[in-house]
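Worksheet for the structure shown next.
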Amino acid sequence: MKKLINDPATLIQDALHGIAAAHPQLRVDFENRVIVRGDAPVRGKVGLISGGGSGHEPLHGGFVGPGMLDAACAGEVFTSPVPDQMVAATQAVDGGAGVLHIVKNYTGDVMNFELAAEMVAADQGTEVVAVVIDDDVAVQDSLYTAGRRGVGATVLVEKIAGAAAEEGRPLAEVAEVARKVNTYARSMGLALTSCTVPAAGRPTFELPDDQMEVGIGIHGEPGRRRVPVAPANEIAEMLVSPILSDLDYTGGDGVIAFVNGMGATPLIELYLMFNEVTQLLAKNGIPVARSLVGPYITSLDMAGCSVTLLKADDELLRLWDAPVNTPALRRGV
Amino acid sequence: MKKLINDPATLIQDALHGIAAAHPQLRVDFENRVIVRGDAPVRGKVGLISGGGSGHEPLHGGFVGPGMLDAACAGEVFTSPVPDQMVAATQAVDGGAGVLHIVKNYTGDVMNFELAAEMVAADQGTEVVAVVIDDDVAVQDSLYTAGRRGVGATVLVEKIAGAAAEEGRPLAEVAEVARKVNTYARSMGLALTSCTVPAAGRPTFELPDDQMEVGIGIHGEPGRRRVPVAPANEIAEMLVSPILSDLDYTGGDGVIAFVNGMGATPLIELYLMFNEVTQLLAKNGIPVARSLVGPYITSLDMAGCSVTLLKADDELLRLWDAPVNTPALRRGV
Amino acid sequence: MDTKDLTAWIREFAGLVAQHKDELTALDSAIGDGDHGVNMDRGLTAVVAALEAEPPDSPSALFKKVGMTLISKVGGASGPLYGTAFLRMAAAADSVLDGAGFAKVLRSGLDGVVARGKAQPGDKTMVDALGPAVDALDAALASGAGTKAALQAAADAAEQGREATIPLVARKGRASYLGERSAGHPDPGATSVTLLMQAAASTLGS
Amino acid sequence: MDTKDLTAWIREFAGLVAQHKDELTALDSAIGDGDHGVNMDRGLTAVVAALEAEPPDSPSALFKKVGMTLISKVGGASGPLYGTAFLRMAAAADSVLDGAGFAKVLRSGLDGVVARGKAQPGDKTMVDALGPAVDALDAALASGAGTKAALQAAADAAEQGREATIPLVARKGRASYLGERSAGHPDPGATSVTLLMQAAASTLGS
Ligand SMILES: Nc1ncnc2c1ncn2[C@@H]1O[C@H](COP(=O)(O)OP(=O)(O)O)[C@@H](O)[C@H]1O
Ligand SMILES: Nc1ncnc2c1ncn2[C@@H]1O[C@H](COP(=O)(O)OP(=O)(O)O)[C@@H](O)[C@H]1O
Ligand SMILES: [Mg+2]
Ligand SMILES: [Mg+2]
Ligand SMILES: [Mg+2]
Ligand SMILES: [Mg+2]
């Protein structure tokens, strides 16, 4: 294992110190491993928190700031944070208008956020609403699974719901916006290589040199199937088709198209993939209204990418375009 | 080789189409492989162009936009662009106040930009000044080498000189600012793994699982020495020490500290490295005035990082803070 | 069994998990995300430290401390599940437990896991080891077995339950993403529950 | 030698480079960035296409087209160097060349490489093959050798010059970054120049 770390046991803490040093506009609660917007709590504004296992950077800490998250909880690598962290984050951002919990749909995340909400309800009386993100079409959404995983849509939810909160909208409406994004977003990912969890020290799965894993999760969870490595245009097809067969994207105001890098894939390849994706969308009569290309929700050092498509309307586009000022996403300010 | 590409021969062209699709505010000249700011030429403003081999994205195309570059030329992977491209870029951004060529110090880049300048001089009479960036302390700067390589400082030069040009300053002054950044910036890089050039199809160099290459170039050029893999704090020392022994960083207004990812290194590790770097700087009495952490000048799928330190003063900090609106760096707009 | 005995049980469980950490992680790599051993070990190390720092004075206080610590330190799916189990056990525990009392406490823990995780028997989760263990404990006690023997029966049932998860297709937790590909591997959580029950059999009852 | 002969030379050079593309790239991987073969092949493929599309009508026009095409297509260090060499050759070429005329043209090319790249003999660059080749061509012609034999001497000298780069420490180009570690490998550019001279020996003179 080759990593720029001192010790797997201190990785998160060391990285949090780096985040604090690089972004003085953020506050880092090292004990609770919570990254907080410097001016939190913002009086009268709905607070947005999210969090999850580490190893997906810039998600979530890189999206803390005006116009997006108020706080993010950093769990151990690929392990959901503990309720104490969500409680601390909720307290830190509670400006009197309630707090939205943005939860990626993994059993651990859901249960830990649930416990946190129970603890907040018992102790403080802050109003908390949780929205669970489940956009990954690689997983069958049925009674027989834990349901779809939350992946790329999380970034879009945090941006768009963050903008809604910044407008001063009440908790119920902000939650509604978040749910709307989740309802109209679908994702599908692919790995060319495995990631290596520092504490494990070796690749999570073995993937032969001529194979790739389609439908991968962001924790190295195996995907739908293994297929021989293919050219980018075929890969784009493998990612876009299942999305388009899951949701009717025609007839709206186009899509917000998001091509995400898994961590070890160079940007030049992501742009190339974005080209393939837009061509497929054009073929299907779906205009691209906005785009995002880059490593925004990663899986440590995994090579690969994911595609997220959000069916947009006027409101979503306006909120998408709203100013945001975070380490990883910034515009208009 | 596992890459998200169709064919090494069409990689650059395919990626340029992706860039054009993702960033409608840019203009892409596909024939010449030049990425141009949408509103170029800006009347009365000095034009800034740069360019180099592809494979370092977001450098340079990701830094085209108001406040930074006016155009970027994309060469083949790791191969300097040809003069026709620089000529086309120069023409596209010539707003009547002359054009600055920002050239990384590699024999090929220098000669191709030189030829381009000769061609421009013969044909158009646009005033061109070239500034050569050579900040890599891994290379001995002596009569016996091609001189130091241009690496991380390039990003800082493009940002800071871009801001100077945006202020309406004349060509000579903008060039002076660019030279000043280069004079006060030093870099040092390290590879944990080799990159793989798509056309070659296999890693540029072999690096055993327990070794790393210190002083690596951004094209997979071998570095100063191979050493056993080490913890991040020792790695930071290996990168920061040679920089500090090369330039006296004390007594200024602190540094702009830039920890760069080589392409395949996760952001969490870069933040961790940034923490180590700031601690070393603190030990040496050097305050960090500004920071930049992320993959900004990459080497395809190489794992590793580089550190760039720019000794700052009021002017450089002011220009660093100035608004910029490019795909990879944006603030204040 | 008093607070001291039950503390020994928890310590033994922590020891077994530390010992089997890599195995648990390897099992979780096959059908999950490869952290179950690390998660449980982190939590139980914190539990042991907490019990040493401030030894609890009743079974209820002990279980509460174990539950709170696991919730605060483990994260993932197993943190809330084990944590909820111990909190429920705390609520159900008298100051001294006989075999039947322990069985009642353990069933409360099982109920907590089910309430929190909504898993049914056969979903390929820790429920598939804990459920049979609790049932076997009840049955053995009902048929007149001594506490020690009954706990051994419970541990054996947990082990069998764990073995029985191998052919199952997971319907809960990360392993469910794998669909059919989850079959052929034992469930990591069922494996750590087996250690919990083995620790009980070796430390509790006389 | 007329335009047709010289065109044959260039085509033969293109063919040899295509054939040795991987070898050139491998040499450049050892002490550079692994693209010399790819670069030269891309440029010469374009040259051959350009010559086919519009056959030049004089040696000067031929060399100019070769030089411009290499400049426009190769990039890297070798593009401007080879390109400048051919542009200088164009300026020096008469409409028909004898051995001495060819030698004069080739020396102009060498001067162009040196003017552009500022390399001195012994810097471990293409100059270390091209310089000896031009000198050997002059010497052979001066000692009365026929053009064919003189070109063969020049090719041999290029090859020896290339071999002589092996122990050298590079002082120009990417290989210079390696310092002492550049010793022990032949220079890629000197290798492609050797192919250029071998192509001349096999296609020019009678
Ligand atoms: N809904 C559930 N109900 C009961 N047990 C569950 C449930 N989901 C997961 N588990 C158990 O949790 C174990 C995984 O724990 P762990 O690896 O620590 O957490 P995570 O899956 O978050 O990484 C599984 O092996 C399974 O036994
Ligand atoms: N300053 C120079 N003068 C002469 N030849 C040079 C000089 N620099 C480099 N070369 C030649 O160029 C060759 C490398 O060419 P190439 O690999 O195509 O370009 P790059 O180094 O830009 O990748 C070297 O092997 C050397 O012969
Ligand atoms: Mg986990
Ligand atoms: Mg090159
Ligand atoms: Mg797990
Ligand atoms: Mg080269």
Side-chain angles (χ1 to χ4, degrees), chain A residues 2-7 11-12 14-23 54-55 57-58 62 77 192-193 209 212 229 231-233 235 257 259 263-276 278-279 288 291-295 298 300-301 303-305 325 327-328 330-333, chain B residues 2-7 11-12 14-23 54-55 57-58 62 77 192-193 209 212 229 231-233 235 257 259 263-276 278-279 288 291-295 298 300-301 303-305 325 327-328 330-333:
Chain A
K2 284 177 159 183
K3 291 191 183 287
L4 300 171
I5 63 174
N6 293 309
D7 177 344
L11 164 59
I12 311 295
D14 290 351
L16 284 175
H17 278 281
I19 289 172
H23 305 293
S54 292
E57 293 67 25
V77 171
L192 295 175
T193 66
D209 270 357
M212 55 190 196
V229 288
N233 56 359
I235 291 177
V259 168
T265 283
L267 193 53
I268 191 171
E269 297 179 29
L270 299 180
Y271 275 118
L272 186 147
M273 281 300 299
F274 186 74
N275 178 42
E276 300 298 337
T278 53
Q279 290 192 7
V288 174
S291 60
L292 186 66
V293 181
T298 62
L300 291 171
D301 53 353
C305 70
N325 184 359
R330 186 166 175 175
R331 70 171 66 108
V333 54
Chain B
K2 283 177 161 183
K3 290 190 184 285
L4 301 171
I5 62 174
N6 293 310
D7 178 344
L11 164 59
I12 311 295
D14 290 350
L16 284 175
H17 278 281
I19 290 171
H23 305 295
S54 293
E57 293 68 27
V77 171
L192 295 175
T193 66
D209 270 355
M212 55 189 194
V229 288
N233 56 359
I235 291 177
V259 169
T265 283
L267 192 54
I268 191 170
E269 297 180 29
L270 299 180
Y271 275 118
L272 187 148
M273 282 300 299
F274 186 75
N275 177 42
E276 300 298 337
T278 53
Q279 291 193 6
V288 173
S291 61
L292 186 67
V293 181
T298 61
L300 290 172
D301 54 352
C305 71
N325 185 358
R330 185 166 176 176
R331 69 170 66 108
V333 55

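Numbered from 1 within each chain, the chains take letters A, B, ... in sequence-line order. Heavy-atom basis, side chains included; hydrogens, waters and symmetry copies ignored.
- Heavy-atom pairs under 4.5 Å with chain A peak, among Gly263(B), Ala22(B), Ala328(B), at Ala22(B).
- The most heavy-atom pairs under 4.5 Å with chain B, out of Arg331(A), Met212(A), Gln279(A), come from Arg331(A).
- Between Phe274(B) and His23(A), the distance separating the two ring centers is not shorter than 6.0 angstrom.
- Going from atom CD of Glu57(B) over to atom CD1 of Ile19(B) covers 6.5 Å, rounded to the nearest 0.5 Å.
- Residue contact with chain A, scored on non-hydrogen atoms closer than 4.5 Å, is absent for Leu292(B).
- Both the backbone and the side chain of Ala21(A) come within less than 4.5 Å of a heavy atom of chain B.
- Between Gly332(A) and Arg330(B), the shortest heavy-atom distance links the atoms N-NH2, 3.9 Å.
- To the nearest 0.5 Å, the span separating CD on Glu269(B) from CG on Leu4(A) amounts to 5.0 Å.
- Atom OG1 in Thr193(A) sits 10.5 Å away from atom CG in Asp209(A) (nearest 0.5 Å).
- Note: Ala264(B) leads Gly55(B), Pro58(B), Ala264(B) in heavy-atom pairs under 4.5 Å with chain A.
- Contact of Val229(B) with chain A is made through the side chain alone, with heavy-atom distances under 4.5 Å.
- Contacts of Thr278(A) with chain B are made by side-chain atoms alone, with heavy-atom separations under 4.5 Å and no backbone atom involved.
- With sequence neighbours excluded, no residue forms a salt bridge (Lys or Arg N to Asp or Glu O under 4.0 Å) with Lys2(A).
- Atom CG of residue Leu272(B) and atom CG of residue Asp14(A) lie 4.5 Å apart, to the nearest 0.5 angstrom.
- Both the backbone and the side chain of Ile268(A) come within less than 4.5 Å of a heavy atom of chain B.
- Highest contact tally toward chain B, considering only Asn325(A), Ile12(A), Val293(A), Leu300(A), is held by Leu300(A) [criterion: heavy-atom pairs under 4.5 Å].
- With a 4.5 Å cut-off on non-hydrogen atoms, Ile235(B) touches chain A through its side chain but not through its backbone.
- With chain A as the partner, the residue from Val288(B), Leu270(B), Thr298(B), Leu11(B) showing the most heavy-atom pairs under 4.5 Å is Leu11(B).
- For the side chain to side chain contact (heavy atoms under 4.5 Å, CB included) test, residues two or more places apart in sequence or in another chain that qualify with Asn233(B) are Asn6(A), Pro231(B), Glu276(B).
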